[in-house]
Structure formats: structure tokens, C-alpha cells
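Beneath this line is the structure, given in C-alpha cells, with notes to follow.
Chain naming here is simple, since letters A, B, ... match the order of the sequence lines and numbering starts at 1 in each.
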2 protein chains.
Amino acid sequence: MSKQPDSDNTSCCGGIEDVLEPGFFKALCDPNRIALLIRLAQCCDPCSVSQMARCCPTDLSVVSRHLAILRDAGILTAQKRGKEVFYSVRYSELVRTLRAMADAIETCCPPGREQPGSQRDE
Amino acid sequence: MSKQPDSDNTSCCGGIEDVLEPGFFKALCDPNRIALLIRLAQCCDPCSVSQMARCCPTDLSVVSRHLAILRDAGILTAQKRGKEVFYSVRYSELVRTLRAMADAIETCCPPGREQPGSQRDE
DNA sequence: TGCTCATTTGCGTCACTATGCAAATGATAC
DNA sequence: GTATCATTTGCATAGTGACGCAAATGAGCA
């Protein structure tokens with residue numbers, strides 16, 4: 001973590017290291033967890049573990065685990081009501097995180113600094 | 001993939017299923033790949049595999065593989081110059097993807113529709 | 001208290017992924 | 001052509017993660 005390949009413009013890339021957290025992507029790298037997130041987002045209302053499990057081919061315990069992982073990553077919130085636990089999407093947080101990533105990457109290398117013929121976005 | 005837990009407002013969540021691709025997160029779920037992306041972003045200029053490998057504790061072949069995975073995911077571009085391959089960040093694409101995700105999630109459930117006492121973003 | 005339902009956790013198994021080494025491929029220089 | 005350098009690929013191994021089942025925990029109710 002000491003030498004950089006070419007230049008050392010760490011300063012211009014505002015906090016990209018802090019924003020691009022592996023934990024966030026780790027939580028979302030599983031297809032089933034993405035599916036759960038999408039379902040929960042589409043549902044809009046908080047859903048219990050059982051409700052979520054009804055849509056999944058996997059065991060309820062697995063769904064519970066997946067939801068917990070998403071919760072620990074700050075993507076979902078859990079709220080206990082009676083004997084049920086209702087999970088819901090942390091919309092604002094999630095949106096803010098994604099935008100912060102986009103901003104950090106954009107700030108990192110503004111269009112003018114891009115290399116010619118290298119990062120063509122077809 | 002047929003029944004939804006509570007409601008079925010699939011229409012309001014503009015293409016969240018298309019935007020939240022597991023493949024994207026899968027590519028970024030490895031800490032070493034995140035580190036490579038950060039380094040490459042901070043570097044701004046395209047870097048060869050050897051240059052990138054100099055900063056990593058892992059074998060050069062591993063770095064090559066990681067870069068290929070990021071390239072296949074559309075996060076990096078590879079450009080061959082002589083016997084070297086220079087990788088660079090697809091800034092615009094990456095930023096666009098992240099913003100699209102944020103937009104899709106935001107559109108999915110605007111603040112007014114949020115459940116009271118459920119998705120508090122403290 | 002005992003019972004039932006919802007969720008979580010322990011644990012063994014299976015699949016996948018990351019890793020390092022060595023060999024293969026591709027490209028330039030001699 | 002051969003030699004050399006950069007990168008990729010094949011392969012074996014080790015580590016990690018997902019999964020299902022069963023048991024444990026927690027909460028309400030009779």
C-alpha cells in the first residue's frame with residue numbers, strides 16, 4: 001500500500017477507498033440476496049422472513065441468513081413485531097451509498113483527464 | 001418467481017431487476033479486486049498487469065485473472081500495446097451503472113411511500 | 001406452565017472461488 | 001529463425017460461502 005504504479009494522485013480521488021467497501025459488494029454478490037433485495041424493494045412494505053421465504057426456492061433458514069447479511073451490511077433494517085421480524089430496504093442509505101460511489105469515481109478522473117482511446121464506453 | 005409477498009407493484013420499480021445485476025457485484029465482491037479497482041482509479045492512467053502486480057501481494061497470474069474478471073464485468077477496459085496489456089477504468093460506464101441503480105431504487109419507493117417507523121436511516 | 005409459531009443458530013456437506021506454480025501463448029528484439 | 005519479456009491458461013490445492021436439516025431461542029397465547 002505504499003507505491004503507486006504511475007502517478008500518486010491519491011488526493012484527487014476523494015475518498016474512493018472509503019466509499020468502495022468490499023463488505024457492501026460482498027453482501028450483494030449472491031444472486032439470491034439480490035433477488036431478495038429486489039423483491040423487498042418491489043414490495044415496498046416491510047416483509048417478514050416467512051413472507052420472503054415463500055417466494056424463494058431455498059430453505060427458510062437460508063433466507064433468514066441472507067436477510068441478516070443484508071441487514072449487517074446496512075442494506076436492510078429489521079424490525080421486530082411480535083414473533084415476526086419485518087425486513088425493509090434502507091432506501092435512502094442505499095441510494096446515498098451508490099451515489100457516493102459514483103461521485104467518488106467521477107471525481108477521481110474527470111472526463112478531461114481520460115486517456116485517449118482507452119476508456120471508450122462504446 | 002410468481003407471487004409477491006404483499007403487493008405487486010412491479011411496475012413502479014422501474015427496471016430494478018435489470019439494473020441490479022448480480023454479475024456486477026460478483027465482480028466487485030472480492031477485496032483484492034476492489035483494491036485493484038481503487039488503485040487503477042487513483043492511478044488515472046492505464047496500467048499494465050505487471051505494474052498492478054507490483055502493488056499486490058498476490059502472484060502476477062492472480063492479478064491478471066482479477067483484472068480479466070473486472071474487464072468481463074464491464075468495469076475495466078483492456079488495451080494491448082506491444083507485449084503489454086494496459087487496463088483502465090471505464091469511468092463513465094461505471095458511474096452510469098451506479099447512478100442507474102440509485103435511481104431505480106429511489107424510484108422504487110419514493111420517500112412519501114415509505115413505511116412509518118420502518119426504514120429509518122438514523 | 002406448557003404449547004405453538006417465527007426466527008435464528010449449529011453443524012456437516014457440497015460447490016465454488018482464490019491462489020500459486022508451471023507451462024503455453026503472444027509479441028518484440030536480436 | 002531464437003531469445004526474451006508480458007500475459008494468459010491449466011491444474012492442483014486450500015479456503016470460503018451457500019445450503020438443508022435439526023435443534024435452540026424468543027414471543028405470544030391457552
Side-chain angles (χ1 to χ4, degrees), chain A residues 5-6 21-40 43 45-73 75-89 117-118, chain B residues 1 5-6 20-40 43 45-73 75-89 117-118:
Chain A
D6 266 23
E21 277 196 82
F24 176 79
F25 295 102
K26 236 173 159 55
L28 293 172
C29 76
D30 184 80
N32 292 323
R33 282 198 289 271
I34 290 277
L36 284 171
L37 173 61
I38 290 173
R39 182 154 301 285
L40 203 52
C43 178
D45 304 313
C47 290
S48 70
V49 180
S50 306
Q51 285 177 320
M52 296 299 292
R54 249 175 263 145
C55 312
C56 296
T58 59
D59 192 75
L60 189 140
S61 67
V62 175
V63 174
S64 171
R65 251 187 274 258
H66 278 317
L67 292 171
I69 289 172
L70 290 170
R71 165 175 49 78
D72 292 344
I75 294 162
L76 305 181
T77 352
Q79 198 187 358
K80 198 152 195 173
R81 279 209 288 255
K83 39 187 173 180
E84 290 166 295
V85 176
F86 287 85
Y87 284 88
S88 44
V89 180
S118 56
Chain B
M1 305 290 172
D6 266 22
L20 252 51
E21 276 197 82
F24 177 79
F25 296 102
K26 232 172 161 55
L28 291 172
C29 76
D30 184 82
N32 291 324
R33 282 198 288 273
I34 290 277
L36 284 171
L37 173 60
I38 290 174
R39 183 154 302 285
L40 202 52
C43 178
D45 304 313
C47 289
S48 70
V49 180
S50 306
Q51 285 177 320
M52 296 299 291
R54 249 176 262 143
C55 312
C56 296
T58 59
D59 192 75
L60 188 141
S61 68
V62 174
V63 174
S64 171
R65 254 186 271 257
H66 279 316
L67 292 171
I69 289 172
L70 290 170
R71 165 174 50 78
D72 292 344
I75 295 162
L76 304 182
T77 352
Q79 198 186 359
K80 198 152 195 170
R81 279 209 288 255
K83 40 187 173 178
E84 290 166 295
V85 177
F86 287 85
Y87 284 88
S88 45
V89 180
S118 56

Check: Rounding to a whole Å, what distance do you find between B:Lys26:NZ and C:dA18:P?
Finding: 9 Å
Check: Is any side-chain nitrogen or oxygen of B:Ser64 closer than 4.0 Å to OP1 or OP2 of D:dT8?
Finding: yes
Check: OP1 or OP2 of C:dT17 sitting under 4.0 Å from any side-chain N/O of B:His66?
Finding: no
Item checked: Presence of donor-acceptor pair under 3.5 Å, side chain of A:Ser61 and base of D:dC19 -> no
Next item on the list: Send over the distance from B:Lys80 NZ to C:dT25 P, rounded to a whole Å.
Entry: 13 Å
Notebook entry, point to check: Between B:Leu36 (CG) and C:dT19 (C1'), how many Å, whole number?
Noted result: 14 Å
Next item on the list: Rounded to the nearest angstrom, tell me the gap between atom NZ in B:Lys83 and atom P in C:dC30.
Entry: 10 Å
Next item on the list: Send over the distance from B:Asp59 CG to D:dT13 P, rounded to a whole Å.
Entry: 18 Å
Check: Separation of B:Arg54 atom CZ from D:dT7 atom C1', in whole Å?
Finding: 14 Å
Check: When you measure from the side chain of B:Glu84, which nucleotide among D:dT7, C:dC21, C:dT19 comes out closest?
Finding: D:dT7
Notebook entry, point to check: How is B:Val62 classified with respect to the nucleic acid when contacts are heavy atoms under 4.0 Å: base, sugar-phosphate, or nothing?
Noted result: base
Item checked: base_contact_polar (D:dG17 base, A:Arg33 side chain, donor-acceptor, <3.5 Å) -> no
Checklist line | A:Leu40 and A:Leu70, any side-chain heavy atoms less than 4.5 Å apart | finding: no
Note to self: Please determine whether a side-chain nitrogen or oxygen atom of A:Asn32 lies at a distance below 4.0 Å from atom OP1 or OP2 of D:dC19.
What the structure shows: yes
Next item on the list: Run through B:Asp30, B:Thr58, B:Val63 and flag the one making a side chain to side chain contact (heavy atoms under 4.5 Å, CB included) with B:Leu36.
Entry: B:Val63
Check: Does a distance-only test, which skips hydrogens and angles, find a donor-acceptor pair under 3.5 Å between the side chain of A:Arg65 and the base of D:dG17?
Finding: no
Note to self: Are B:Met52 and B:Tyr87 packed together at the side-chain level, in the sense that at least one heavy-atom pair is separated by less than 4.5 angstrom?
What the structure shows: no
Notebook entry, point to check: Is the distance from OP1 or OP2 of D:dT7 to the nearest side-chain N or O of B:Ser48 less than 4.0 Å?
Noted result: yes
Item checked: Separation of atom CG in B:Leu76 from atom P in D:dT7, rounded to whole Å -> 14 Å
Note to self: Under a 3.5 Å distance rule, please check whether A:Arg33 uses its side chain to pair with a backbone N or O of A:Lys26 as donor and acceptor.
What the structure shows: yes
Notebook entry, point to check: Side-chain N or O of A:Tyr87 less than 4.0 angstrom from OP1 or OP2 on C:dT8?
Noted result: yes
